[in-house]
Amino acid sequence: MNNYSFDIFDTLLTRKFANDKGVFVALREQLKGITRLEFPDYFIDEFVNLRVRAQKVAHETSSFPEITLREIYTALGSEFHQIEAEHLELLQELEEAIEIDSCYPIPQNVSSVVKIIESEQNVFLISDMYLSKAVVMQMLENADARLTAIPLYLSSELKLRKSDGTLFSHVCTDQNIRPASLIHTGDNFESDCVMAKRMGVNYIFYRDPVLSSIERSYFREEQNIFLQLFAGASKQTRLEGYDLKPSYRLGASFMGPMFYGFVHNSLKQAVDEGIKRLYFLARDGYLLKIIAEEIIACFHYDIEIRYLYTSRQSTYFASIFCLTSSSFQWIFQEMDNVITFNIVAKRLHFRADVLIDHLGADLRQSLIDNGLDHRLTRKLISRLQNELLSNTSLKAKVESSASVYRETVISYFEQEGLLQDKRVGFIDIGWKGTLQDTIFRILKSKKPTFELITYYLAVTHFSAHTAPENRKVPAYMFPSIRAGKGPILELLLQCEHGTTLSYRKGDNGRFEPVLKDPSVHLEAWGLNNYAEGIQRFSRTLSRSLAAYPHIETTYTAITPILIEMLEDATPEVAATLGDLFYSGNIENSNIRVFAPPFNISRALSYIISSRKRQSAYTQWFDGSYSRSPLLPRIVVQLDPRLTLLNITKKYISREELMEKRQHVKRFVQLHLDFIRR
């Protein structure tokens, strides 16, 4: 029969901090608030380094292989004679309290231990740790009371260590078992694996408590309490969902950390600006609202949050008061689709066969010859636009239809409380703010004093309609050359329901949104697990931050780093996010996999295609490349445009690149004007 042993720290239990120094950083924060001890400022500022050095000194001066926490603080006192013995004892008690309070179980391994116990096989706990047995037992009790009944071999009690093999030998002798019958699980490769093998013990190397590459990307200062808590929350949430789909880890360690700071800062700013009601706009606001709910539950902000069903498709037509050329931007907009007459008719709330009958005979025949479901040429678009502006009868019908539809839209918005206060707030992802401008224009027609403020993750520019009563507050500004990140960030904000198509009055008298069916692929992908990862991370981090209300929350040091990581995504992030289905147009047509891996055939097709056609193979090149096998990656690298781009990125900054592009555009325009003349 096999015997099993487990390391304790970072195997069965771990701390809510990013690493073990987080305990010392947290203690330093506590010392700042204990004025009665009268520690010198330099002692508090340098406490983490002093605590680390004291542990080293204690090891060097001890006559045993292992030391205790009391010996560590004795060593600290020997270097600072002005610190009284009772103060050293208090420091020790504070550290022990932080250790106990910050400790939580690692579900995967605790579950394994419980199964071994239930199978009536032998299991032991073996740990190299300076904490006392009483403290360790309290931590085990808090994690799972069943762990306290397991034989515990603690280096601070026995003065033996795993790191030199003596603790393994002692366990085998004490339990009268052969080393070869013992299977040890631990996270320290040297002491739990190398030394175990050297002593004849079998081992299982547990890697998960180490920070992931995503968490390491922003954890750049281990003495920063905010970063300790932030990365620690991501790690804890990730460990808790070990048996869930990859979408859970994407939410817990990537999406949650990326958007949490934006939501938290927006909530604080809205409260400071006197906003009483804050709306999260569908569908990008669905997961952001989940984050906000966890933040409000912990910080008790005096603000009401709601979810508003809206979209470009459901509101743009209602904003037509007078049909002008400014309306053409969305009526004839091509994004991830091609513009056809049928699409134009749909956006104008006409049946195609009805709209075409209102047009002049020549234009009508030209459109029929072109094909009503075929892409409109530039010439046909220009002729159709002129017809919409010059055909008085048609123009009046469009404006009248928009007016009727607008009343339904206003009724829904009014029902949802948008007109109750003088000013309301929105939260949305970005990018140009045209949806906000549309809603503002609609509601201002009903209530002239209406004011709106929207908190955006990012905008690419401020529209002409930005004004004090229609404010846009972005957390970040994205230059135009970076707007391509928009589809990826939008894809991170998945939603359980489809796009809002329109509004209708129900049998109960209430106005309700008419929704497109949700994607059939989301359930298999794991949307529920994804949302759970985001929610758990937000709850864990909120509780950690609430315990330290005075620390500086430097979210701006994290979000840009995670956004940049989309250009060099880890294989897991690329595979999980890349498997989602995507459409980038108002109608949500042309749905396809966002970033499928390249095979040889797709890679060859990709490199010979035009830039515009390449989006048919992947909407996120870096994601597809990251998850592709070696040979297709080599083929893709043969694309000379990619080589040129990499060289350009290496030697020219983004600002210089933008300036050069503008210079080329001006040069071309100048010569085109000369040729025309």
Side-chain angles (χ1 to χ4, degrees), residues 9-11 13-30 45-49 51-52 98-99 101-104 106 187-189 206-242 248-265 291 294-295 475-476 492 533-534 536-548 550-574 576:
F9 293 93
D10 287 332
T11 301
L13 313 176
T14 190
R15 306 167 179 90
K16 66 182 179 183
F17 307 108
N19 61 20
D20 54 1
K21 284 194 179 66
V23 174
F24 312 151
V25 177
L27 179 49
R28 182 192 65 194
E29 294 302 311
Q30 282 196 16
D45 292 341
E46 294 294 333
F47 176 78
V48 176
N49 294 327
R51 169 61 180 78
V52 171
I98 292 172
E99 287 276 16
D101 181 62
S102 67
C103 187
Y104 64 89
I106 297 178
D187 70 293
N188 188 303
F189 186 73
Y206 180 63
R207 308 165 186 262
D208 289 356
V210 178
L211 292 184
S212 68
S213 58
I214 295 172
E215 291 152 0
R216 290 197 306 272
S217 70
Y218 56 78
F219 184 64
R220 300 183 177 184
E221 176 48 68
E222 65 179 1
Q223 291 199 30
N224 183 299
I225 184 63
F226 169 68
L227 292 178
Q228 281 280 357
L229 295 171
F230 197 99
S234 175
K235 180 183 75 171
Q236 179 176 346
T237 312
R238 172 171 53 82
L239 292 175
E240 289 173 348
Y242 71 95
Y248 172 89
R249 291 185 290 279
L250 180 68
S253 293
F254 198 79
M255 189 281 184
M258 179 180 290
F259 290 102
Y260 181 96
F262 159 61
V263 175
H264 195 181
N265 282 342
I291 296 173
E294 296 298 332
I295 293 172
Y476 306 95
L492 285 166
I534 294 165
R536 283 194 193 178
F537 169 80
S538 303
R539 182 178 302 161
T540 300
L541 180 58
S542 295
R543 289 174 177 174
S544 293
L545 294 179
Y548 296 86
H550 302 298
I551 65 173
E552 185 74 15
T553 52
T554 52
Y555 299 118
T556 52
I558 295 172
T559 301
I561 292 173
L562 294 180
I563 291 174
E564 289 294 333
M565 284 194 73
L566 291 171
E567 294 182 358
D568 189 22
T570 65
E572 183 180 36
V573 169
T576 308

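Count residues from 1 along the sequence. Values reported hereafter were calculated over all heavy atoms of this structure, with side chains retained and with hydrogens, waters and symmetry mates removed. This structure is a prediction, so every number in the text was calculated from the model and none was measured.
- For the pair D20 and F9, the minimum side-chain heavy-atom distance is 4.5 Å or more.
- Looking only at distances, no side-chain donor or acceptor of R249 sits under 3.5 Å from a matching main-chain atom of E572.
- Aromatic pair F230/F537: centroids less than 6.0 angstrom apart.
- With a 4.5 Å cut-off on side-chain heavy atoms, Y260 and I295 count as touching.
- Closest heavy-atom contact between P209 and L239: N-CD2, 4.3 Å.
- We find the OG1-CG distance between T11 and N188 to be 9.0 Å, quoted to the nearest 0.5 Å.
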Checking K21 against Q223 for the side chain to side chain contact (heavy atoms under 4.5 Å, CB included) test, could you report, in this order, the C-alpha distance in whole Å, the side-chain angles of both residues, the deciding distance, and whether it holds?
CA-CA 8 Å; K21 284 194 179 66; Q223 291 199 30; 5.8 Å; no
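- Within the 3.5 Å criterion, the main-chain N or O of P560 finds no donor-acceptor partner in the side chain of Y218.
- The salt bridge (charged side-chain N to carboxylate O under 4.0 Å, His left out) test with E215 is passed by exactly one of K235, R220, R238: R238.
- Here the CZ-CG distance, from F24 to N49, works out to 11.0 Å after rounding to the nearest 0.5 Å.
- Side chains of Y104 and T14 form a contact here, defined as non-hydrogen atoms less than 4.5 Å apart.
- Proximity of the aromatic rings of Y548 and F226 is defined here by a centroid distance below 6.0 angstrom, and this criterion is not met.
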Are Y476 and T556 close enough, and set up right, to give a side chain to side chain contact (heavy atoms under 4.5 Å, CB included), and what steps lead you there?
CA-CA 9 Å; Y476 306 95; T556 52; 4.0 Å; yes
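- With values rounded to the nearest 0.5 angstrom, L562 atom CG is found 11.5 Å from M255 atom CE.
- Here Q30 contributes atom CD and I98 contributes atom CD1; the two are 4.0 Å apart, rounded to the nearest 0.5 Å.
- The nearest pair of heavy atoms linking Y555 to G261 is CG-CA, 3.2 Å.
- Summarising the geometry of S213 relative to T570, their closest heavy-atom pair is OG-CG2, 3.2 Å, with the distance given to 0.1 Å.
- Counting all heavy atoms, side chain and backbone alike, D10 lies closest to Y206 at O-CD2, 3.6 Å.
- In this view, R539 and E294 satisfy the side chain to side chain donor-acceptor pair (under 3.5 Å) rule, not counting sequence neighbours.
- Here the CG atom belonging to L229 is positioned 6.5 Å from the NZ atom belonging to K16, to the nearest 0.5 angstrom.
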In sequence, state the C-alpha distance, the side-chain angles, and the governing distance for F262 and T559, and then conclude on side chain to side chain contact (heavy atoms under 4.5 Å, CB included).
CA-CA 8 Å; F262 159 61; T559 301; 5.7 Å; no
Side chain to side chain contact (heavy atoms under 4.5 Å, CB included) evaluation trace for R28 with V25
CA-CA 5 Å; R28 182 192 65 194; V25 177; 3.6 Å; yes
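- E222 places no side-chain N or O within 3.5 Å of a backbone atom of G22 that could act as its donor or acceptor partner.
- Atom CZ of F254 is separated from atom CD1 of I534 by 12.0 Å, given to the nearest 0.5 angstrom.
- With S234 contributing its side chain and A231 its backbone, the two residues share no donor-acceptor pair below 3.5 Å.
- In plain terms, the two heavy atoms of I558 and P257 that are nearest each other are CG2-O, 4.3 Å.
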